[in-house]
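This one's a predicted model, so the numbers in the text were calculated from it and none came from an experiment. Scope of the values below: all heavy atoms of this structure, side chains included, with no hydrogens, waters or symmetry mates.
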Amino acid sequence: LIGAWFSGGCNLDQLIDPGGNLRETASYRASYEDTLLDVARRFNLGYVEMVAANPGTDPWIPGEGTEVVLPTVHLLPDAEPDGVVINLADMRLYYFGEPDAPPRSYPIGIGREGLTTPLGTTTIARKKKEPTWRPTARMRADDPALPELVPPGPDNPMGTRAMYLGWPLYAIHGTNNPWGIGRRSSSGCIRMYPEHAEELFDLVEVGTKVTVVDQPIKLEWIDGALFMDAHPTQLQSDQLEAEGRFEPQLPSKVVDQVLAVAGDQASRLDWSRIRRATVERRGYPIRITR
């Protein structure tokens, strides 16, 4: 697996500073009209990951001159690097196109509580430009005002591109509401910024493998150092949106996960940094070995 990937496309050498540490974040100085939603889209990021990386910052009025952390470095999920890999916890889609080339990475919107995006493996079953949206019977029961179908156009929630999965009723598609990206906002489908949906549509073939995982904690050895990339769980993401904070968790299974990856290098682990990364869940890699 490639150990880390930068949304801006820089290579691994550019991610390591002269002291051998991963350059964990980039930053941006907000202008007076910026919101975190605007900044997120500009830098290939989603809403929740921006809020998680900037605790205490008002997402609607960061304030002119505020330095905003950009969580643009990502460790890859623990999954076969083949086709499309989706990690629900970090709300990102990774596309492995060419062998030995770094993957492309896109922020996504996923299924909300009670309508979660399924886990497992499927394929791209078919693709459609300018799709027609047909609300399900459940959707129309919840909202009788919904029409039987919505034709292509600016009011179509699927946007201009749809990649239908082998799972009935699920698709990767664009959106007419880009502010839902990086949130648990869909009825189970995978939403993308319109420009990203159009890009991925042209890259993937029918039959491309799609793997969906839910991994809030990601670990990877890079140049002899172990890094942890901790994201809010789906429940914590909901809390973050509703309250601007989430209940800290330090699950015992994280210890087992770290020890399994550390192996015979366990004596080098810095448990204070592990605890901090696991509790704070800022969504960018933290070095956890001495």
**OP:** Given side chain to side chain contact (heavy atoms under 4.5 Å, CB included), test I190 with T117 step by step and report yes or no.
**Re:** CA-CA 8 Å; I190 304 298; T117 304; 3.6 Å; yes
Subject >> Y95 six-ring centre to R104 NZ/CZ under 6.0 Å and within 45° of normal >> reply: no
Original post:
Looking at residues at least two apart in the chain, or sitting in another chain, which of them share a salt bridge (Lys or Arg N to Asp or Glu O under 4.0 Å) with K128?
Top reply: none
Subject >> Distance-only donor-acceptor check, side chains T160 and E198, under 3.5 Å >> reply: yes
Original post:
Is there a path from I124 to I110 through hydrophobic residues (I, L, V, M, F, W, Y) whose side chains come within less than 4.5 Å of each other?
Top reply: yes
**OP:** Assess the side chains of R92 and S105: does a donor N or O sit below 3.5 Å from an acceptor N or O?
**Re:** yes
Original post:
Less than 6.0 Å separating the ring centroids of Y193 and Y106?
Top reply: no
Subject >> Any residue meeting side-chain hydrogen bond (donor to acceptor under 3.5 Å, both in side chains) with R126, in chain and number order, not counting sequence neighbours >> reply: none
Subject >> Results of salt bridge (Lys or Arg N to Asp or Glu O under 4.0 Å) for E280 - residues two or more places apart only >> reply: R276, R282
**OP:** Check whether more than 12 heavy atoms from other residues, nucleotides or ligands sit under 6.0 Å from atom CZ of R275, and answer yes or no.
**Re:** no
Original post:
Between S27 and E67, does any side-chain donor sit less than 3.5 Å from a side-chain acceptor?
Top reply: yes
Original post:
Between Q234 and R184, is any side-chain donor less than 3.5 angstrom from a side-chain acceptor?
Top reply: yes
Subject >> Min side-chain heavy-atom separation L75-I222 under 4.5 Å >> reply: yes
